[in-house]
Structures are given as C-alpha cells and as structure tokens.
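Quick note on labels: first sequence line is chain A, next is B, and so on, each numbered from 1.
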Number of protein chains: 2
Amino acid sequence: MQDTKERIIELADRLIRTRGFNAFSYKDISDPLEIRNAAIHYYFPSKTDLGIAVINQEIEKLAINKLYWATFPENEQLRLFFDVFYQRSKQGFICLMGSLSPDYETLPAAMQEKVQHMSEDVLEWVTLCLENGRKKQLFHFKGDAYDRALLVVSNMLSSLLLARVMGKEVFEKMSNQLLNDLL
Amino acid sequence: MQDTKERIIELADRLIRTRGFNAFSYKDISDPLEIRNAAIHYYFPSKTDLGIAVINQEIEKLAINKLYWATFPENEQLRLFFDVFYQRSKQGFICLMGSLSPDYETLPAAMQEKVQHMSEDVLEWVTLCLENGRKKQLFHFKGDAYDRALLVVSNMLSSLLLARVMGKEVFEKMSNQLLNDLL
DNA sequence: AAAATTACTTACTTGTAGGTAAGTAAGCAA
DNA sequence: TTGCTTACTTACCTACAAGTAAGTAATTTT
C-alpha cells in the first residue's frame, strides 16, 4: 500500500514537531506503525530524505491554503493563518520552522535549503497579505511590510514554543494582542 | 583546576546554542578540551546535570544584568536587553530558550523545571520594564504589559532563529521595528 | 506462464551515545 | 608517613542509532 509511505511522513511530521529532528529515531516510527525499520528505508533511503519529504508536504499544504485564503479579505486571511497555529497549539505541537531552525546547523545541506525555501515562502505570503491589507485600510501599522511580517511570523513561531513551556493560554494572549495592534 | 569545570559549562553552553541539547555529545566537549569523557562525568554525573548547570549559569547572568540595568531608565534598559541578543546574533548563536523550548518534551523533568524558571524570570523582568517605562511615558503601547512582554520576548527569541536561516540582517530589522513601535 | 516489480521482512553491520568501575598521580591533612 | 581527597585516565559496557544486503510473498506486466 502507498498508505504506509503517507503514514510514515505523517508520523515523522508529528515527531519533528514534538521531539525535534535529532531526537526521534526510526524505532519511534516503526513501533507504532508495526513495520520494521528497513521498511522506512525502503521509502526513504536516508533520514534526510524523510526530513525533506516532511518539509515538502508542509510547503504543499501552505500552497493549497494560499489558494483558498485568497478568496477572503486580508484581515480574514491573517486570522485564518493564525488559526493554523492555534490548532497546533491546542495539540501541543510546534511549527516546522520552530522545530527545525534551532537544529539548523546540524541539518544536512539538502534540508537546510528546504527550510530556507519554506521560510521564504511563509514570509512572502505574510508580507503580501499585510501590504495589500494596509492598502485597503484593513491593517494599520508603521514601517516596511516585510519587517512587520518578520515580527508576525516570529510571534506565531515562538507563541507555540512558549505555550508548551509556560501554558497554552500564552498563545491566545499573544495572538489577540497581535491582532489588536494590526487591525 | 576548577578551570576545567567552567570550561565544560562554557563549551556545553555554546553547543546547546549552536546544535541543541540532544544534538551534541560528550565527544564534542572532550575532544576540544583534550580530556576524556569520564572527566565530564566526574563533574557532571549525567548529561542532565550538565544541562542544569548551563541553565543555572544563564539565570545567574540575568540576575547580575538586572542589577546593573536597574540604574538606567527603562527605554535604555530595553536597549541593553536587546543588545544581549544582538551580540548573540553576531556570533550565530541562539538563546537558551530558543534552543531548549523546541526540545522541551524530550528534556528530563529537572531540566524542564529549570527552563520554566528561566522563562518566568525573563518574562517578569520584561513585564516590569515595560510597565514602569509606560508609567514614565518612555514607552507607548496598548494592552497588558505582560502580554506585550510575551511579544517582545518572542520576537527576540525568534529573531535569532530566523537570523540563522534567513540572514543576519533579519535581527536588526526586527529589533528596529520593535523599538519604533514601543518608543 | 515467465519475468519483473512492489512492498516489504530478516538479519545483520558499524558507529556512537551516555555511563561506569577501577585505577592513579599529585597535593593536603593529621 | 600514612591516609584521604581531588582531578582526573584507562578501559570497558550496554543500548541504540542509521543504514544495508539478501530474501520473499504477492501482484503486475509482457
């Protein structure tokens, strides 16, 4: 079944978000899925390949969301973007950027490139959203839209990190404050 | 020499900030210091003990800084706080919170508590700084000082993460934008 | 019906991780 | 001077990590 491959990616995604790329092993995947570790190597010759597959899936998910979100006004778009993080915070997961950027120096070059690609993708979208929203007077903020996007993405990323350490209410406090500032 | 113990902590600190707690090994310490791994175990029976020593050192450093910073007006205090992160960004290091919170679920309970302690410490200080600064009209912002502190700390934390992935200029863009918002 | 491909498993290798028991040289203390 | 402590080293252990070679049952293609 092609099903196995998807279940491996799905679980690897979870493990990267909860434990980090360097802190999970093939056993963490093979045990719950009741397969041998060689089955993982069959689909993903190296752990790097598995990591790349997880990042690619995330990039694709974002691309799909972008298309869907484009039908809404920018203030709603941002709320929908925040909601993705909200769902994660409820599960106690962090985002891929939040998980992979601390390990950045230990990642193989191929994964580093993908992480870069992913972050540029997100930044580009938030920048455009803020920029266009400001033109329509849906957002109010000073300074460059890209710089503002950096702050917004940064806050989403670390809200998930802080929520795990300091309690889940932290996420809502941060996102409410952020939206109040922009709207 | 007591020197060895301090050099182990110093290097462990660097390794946690660059590679992450789960991604460095005793060899990464024993090789450069030209000692055997048992020498590390002599000072720190387990890796957990070493991790705790690194966090304790950071908590102490913050306590010392707090005392020194207290002699300045709040807007200067915040700039000095930001400067700590700026120095790190130049070295390509991230902060302890940024390194340890993604790995939080994999950390031994004793380290989790220390990480919590450390983050509460930082949050408390930034909250008071913002609160007092606003009273003196040195800062201008809406909403609860604690919620604002969450955003500020969050931005400092992830500016270091993003700077490594997207380039060092990211740190300055973010901190300038942040200061412009508050002052 | 034969050959090839798919989706794995069995059984293994090599490397490295954290950790430990026992020893030792140097210094200090009684 | 004997004994205790400090600051390590040598030599080792067990566990587990990623990865691989070879086999196999089931399906698909020719």
(message) Could you tell me how far apart A:N22 (CG) and C:dT16 (C1') are, to the nearest whole angstrom?
(response) 14 Å

(request) Rounded off to whole Å, could you give me the CD-to-P distance for the B:E34 and D:dT9 pair? (result) 11 Å

(request) Kindly say if A:T4 contacts the phosphate of C:dA7, meaning a side-chain N or O under 4.0 Å from OP1 or OP2. (result) no

(message) With a 4.0 Å limit, can you tell me whether B:Y43 has a side-chain N or O closer than that to the phosphate oxygens OP1/OP2 of D:dC8?
(response) yes

(request) Sequence neighbours left out, what passes side chain to side chain contact (heavy atoms under 4.5 Å, CB included) with A:Q91? Give chain and number order. (result) A:R88, A:F93

(message) Under the ring-ring contact (aromatic ring centres under 6.0 Å, His included) definition, can you give me all pairs with a residue in residues 136-172 of chain B, not counting sequence neighbours?
(response) B:Y86-B:F171

(request) Classify the angle between the aromatic ring planes of A:H41 and A:Y26 as parallel (below 30°), tilted (30 to 60°) or perpendicular (above 60°). (result) parallel

(request) May I have the distance from A:R7 (atom CZ) to C:dA7 (atom C1'), rounded to whole angstrom? (result) 14 Å

(message) When you measure from the side-chain N and O atoms of A:Y42 to the phosphate of C:dA7, is any distance below 4.0 Å, counting only OP1 and OP2?
(response) yes

(message) Does anything in residues 27-37 of chain B form a side-chain hydrogen bond (donor to acceptor under 3.5 Å, both in side chains)? List the pairs, not counting sequence neighbours.
(response) B:K27-B:D31

(request) Treat primed atoms plus P, OP1 and OP2 as sugar-phosphate and everything else as base, then score nucleotides 12-18 of chain D 5' to 3': B for base contact with protein heavy atoms under 4.0 Å, S for sugar-phosphate contact only, - for none. (result) -----SS

(request) Could you tell me the separation between the CD1 atom of A:I35 and the P atom of C:dA11, rounded to a whole number of Å? (result) 18 Å

(request) Could you state the atom-to-atom distance from CG of B:D3 to P of D:dT6 in whole Å? (result) 18 Å

(message) Using a 3.5 Å limit on both distances, find every run of at least three consecutive Watson-Crick or G-U pairs that involves DNA chain C.
(response) C:1-30 with D:1-30

(message) Rounding to an integer number of Å, can you tell me how far A:R36 CZ sits from C:dT9 C1'?
(response) 7 Å

(request) Could you list the residues that satisfy side-chain hydrogen bond (donor to acceptor under 3.5 Å, both in side chains) with B:N176, not counting sequence neighbours? (result) none

(request) Quick one: closest heavy-atom pair of B:I59 and B:K114, and the distance? (result) CD1-O, 4.2 Å

(request) Would you mind reading off the distance between B:I29 atom CD1 and C:dA17 atom P, rounded to a whole angstrom? (result) 11 Å

(request) Round to the nearest Å and state the distance from A:E6 atom CD to C:dA7 atom C1'. (result) 15 Å

(request) Sequence neighbours left out, what passes side-chain hydrogen bond (donor to acceptor under 3.5 Å, both in side chains) with B:Q116? Give chain and number order. (result) B:Y104

(request) Report the residues that fulfil side-chain hydrogen bond (donor to acceptor under 3.5 Å, both in side chains) with A:Q112, sequence neighbours left out, ordered by chain and then residue number. (result) none

(request) Under the side-chain hydrogen bond (donor to acceptor under 3.5 Å, both in side chains) rule, collect the residues that match up with A:S154, sequence neighbours excluded. (result) B:N155, B:S158

